[in-house]
Amino acid sequence: MYSSLERTQHIWIQICDKMNASKELPLVLVEEIGGSYGVMEEHVDHLKERFTLITMKELKEKKENIAENIVGIFNWANKPDVDEEILKSLPKLKVIASAGAGVDHLNLKMISSYGVKVANTPNAVTNPTADLAMTLLLVSARSFLEGHKIAMSPDTDHFEANWVSLGDITGTTLGIIGMGRIGYKIAQRAKAFEMKILYHNRRQRLEEEKSVGATYCENLADLLQQSDYVMLVVNLSPQTEKLIGRKEFKLMKPSATFINVSRGPVVDQDALVEALIEGEIKAAALDVTYPEPLPRKHPLLKLNNVILTPHMGSATHKVRRSMMEDMVQSLIDGVNGFPVSNEVTAK
Ligand SMILES: O=CC(=O)O
């Protein structure tokens, strides 16, 4: 049995045979191999069986004929930067495979004006990001970090019977802003925790709503006023930048916890700091900020009602592997002129 990837490669080899064309592996640009932004070492063999990888360093050294033969970009950890200069220098570029769901680091309109397709990896990251969102909610609500410290501390000689965690989960109200794939998966998880689910989205999602028993709030203010947990899951775009600011925090309950697994700039971070300090909300749990990481002196790092994680929604071996495999498939399809199933286009 062939996997769909093997089938595509098989077809490609047959096409090459028919055309008597070169069977050289397609040239694909990567930031680096290994390192902070590079292709993961554990993926290199898999990639090298399918592509000839060219690093940014090699491209900059201007090895002969490299730029004009690059057909794909493997955009891992948002790198390499795809600006107009690079697009102009790669005349045969056909496809950019970007890791993760969010493509806010890519200028889709500009890229498409060069006839280049962009693909992301929503299938791979949807469930793990929803898992992380629920983890943030649970860890924050049940004061897990504090509990852990108490239980581990060498100074602990008894457990304070009257110590209680920050909040409850069962029976509370979760407001999900952005009922896309991840938002829906969060709602499914929240349903299992017997939470009441509200959601705000550009359009009502009747089927999803019915399946998880969620209530649509056309008006964001209604969701903010009623939710015990406000979960931000929208894509970053010019329309959603600073979607949550001073006015929105003031609408939330003083007992509310704000959770962000979308992108830092969707929130006015100064307003968030103010809301946390002034007690306009009770706590925040954030997997994303701007910048990332925050400068070590940032006020958010000093607040004990904040939980921060390092943008880790997709950070498991299995998920990273399946992101990489989806990207390989997009590159193969895009390079060969086949439809790219995870293609994203400018709205
Ligand atoms: O940030 C992670 C993603 O966009 O999937």
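Here, residue 1 is the first one in the sequence, and each next residue gets the next number.
Cluster membership for Met110 and Leu29, using ILVMFWY side-chain heavy atoms within less than 4.5 angstrom, is shared. Val306 and Phe258 end up in the same hydrophobic cluster when Ile, Leu, Val, Met, Phe, Trp and Tyr side chains are linked at under 4.5 Å. Using a 4.5 Å cut-off between side-chain heavy atoms of Ile, Leu, Val, Met, Phe, Trp and Tyr, with links allowed through other members, Met179 and Ile182 fall into the same hydrophobic cluster. The cluster map of Ile, Leu, Val, Met, Phe, Trp and Tyr, joined by side-chain heavy atoms under 4.5 Å apart, puts Val233 and Leu136 in the same cluster. Placement of Ile197 and Leu137 within a single hydrophobic cluster is found when ILVMFWY residues are connected by side-chain heavy-atom separations under 4.5 Å, directly or transitively.
Legend: salt bridge (Lys or Arg N to Asp or Glu O under 4.0 Å) pairs involving residues 267-277, not counting sequence neighbours, sorted by first then second residue: Arg246-Glu274. Pairs of residues two or more places apart, or lying in two chains, that qualify as salt bridge (Lys or Arg N to Asp or Glu O under 4.0 Å) and include a residue from residues 210-228 are Asp228-Lys253. The list of salt bridge (Lys or Arg N to Asp or Glu O under 4.0 Å) pairs with a residue in residues 120-138, not counting sequence neighbours, reads Asp131-Arg189.
Atom-to-atom distance recorded for His43:NE2 and His317:NE2 is 8.5 Å, nearest 0.5 angstrom. The CG atom of Asn123 sits 5.5 Å away from atom CG of Asn342, with the distance rounded to the nearest 0.5 Å. The CG atom of Leu276 lies 14.0 Å from the NZ atom of Lys302; values are rounded to the nearest 0.5 Å. The structure places CD of Gln226 at 7.5 Å from CG of Leu223, a figure rounded to the nearest 0.5 Å. A distance of 8.0 Å separates OG of Ser262 from CG of Asn235, quoted to the nearest 0.5 Å. Of the inter-residue distances, the one linking Ile73 atom CD1 with Ile54 atom CD1 reads 12.5 Å to the nearest 0.5 angstrom.
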Kindly determine whether Thr126 and Tyr184 satisfy side-chain hydrogen bond (donor to acceptor under 3.5 Å, both in side chains), including the steps that lead there.
CA-CA 9 Å; Thr126 298; Tyr184 176 55; over 6 Å; no
Take Leu220 and Ile244 through the side-chain contact (heavy atoms from CB on, under 4.5 Å) test and state the conclusion after the steps.
CA-CA 10 Å; Leu220 177 59; Ile244 305 298; 4.3 Å; yes
When you look at Asn69 and Lys92, which way does the side-chain hydrogen bond (donor to acceptor under 3.5 Å, both in side chains) test go after all the steps?
CA-CA 6 Å; Asn69 289 315; Lys92 290 203 186 130; 3.0 Å; yes
Is there a side-chain hydrogen bond (donor to acceptor under 3.5 Å, both in side chains) between His298 and Thr289 once you walk through the steps?
CA-CA 11 Å; His298 194 281; Thr289 55; over 6 Å; no
side-chain contact (heavy atoms from CB on, under 4.5 Å), that's the test. Do Gln269 and Leu294 meet it? Break it down for me.
CA-CA 11 Å; Gln269 220 159 246; Leu294 289 169; 3.5 Å; yes
Phe51 and Val328: side-chain contact (heavy atoms from CB on, under 4.5 Å), yes or no, with the steps?
CA-CA 9 Å; Phe51 310 113; Val328 166; 4.0 Å; yes
Applying side-chain contact (heavy atoms from CB on, under 4.5 Å), run through Val266 and Ile177 and close with a yes or a no.
CA-CA 11 Å; Val266 181; Ile177 306 174; over 6 Å; no
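Counting heavy atoms from C-beta outward, Lys94 and Pro26 have side chains that stay 4.5 Å or more apart. At least one side-chain heavy atom of His158 sits less than 4.5 Å from a side-chain heavy atom of Glu160. Put simply, the side chain of Tyr37 does not reach to within 4.5 Å of the side chain of Asn78, judged on heavy atoms. By the 4.5 Å heavy-atom criterion applied to side chains, Met40 and Met324 are not counted as neighbours. Using a 4.5 Å heavy-atom threshold, the side chains of Glu24 and Thr52 count as separate. Under the 4.5 Å side-chain criterion, counting only non-hydrogen atoms from C-beta, Val267 is not in contact with Leu286.
Considering every non-hydrogen atom in both Ser165 and Ser143, the closest pair reads CA-OG, 3.4 Å. What you find for Glu248 and Leu243 is that their closest heavy atoms are CD-O, 3.4 Å. In terms of heavy-atom proximity, Asn75 sits nearest to Val82 at ND2-CG2, 4.0 Å. Heavy atoms only, all atoms of each residue included: Glu68 and Asn65 are closest at OE2-OD1, 3.3 Å.
In this structure a side-chain-to-backbone donor-acceptor pair under 3.5 Å is missing from Lys117 to Val340. Here the side chain of Thr121 pairs a donor or acceptor atom with the backbone of Gly100 at under 3.5 angstrom.
Other residues, nucleotides and ligands place more than 12 heavy atoms under 6.0 Å from the OH atom of Tyr114. Taking a 6.0 Å sphere around CG of Asp168, one finds it holds 12 or fewer heavy atoms contributed by other residues, nucleotides or ligands.
In this structure Tyr229 satisfies the ring pair (Phe, Tyr, Trp, His ring centres under 6.0 Å) test with no other residue, sequence neighbours excluded. By the ring pair (Phe, Tyr, Trp, His ring centres under 6.0 Å) test, Tyr216 is found to be paired with Tyr199, residues two or more places apart in sequence or in another chain being considered. Not counting sequence neighbours, the partners of Phe74 by the ring pair (Phe, Tyr, Trp, His ring centres under 6.0 Å) test are Trp76.
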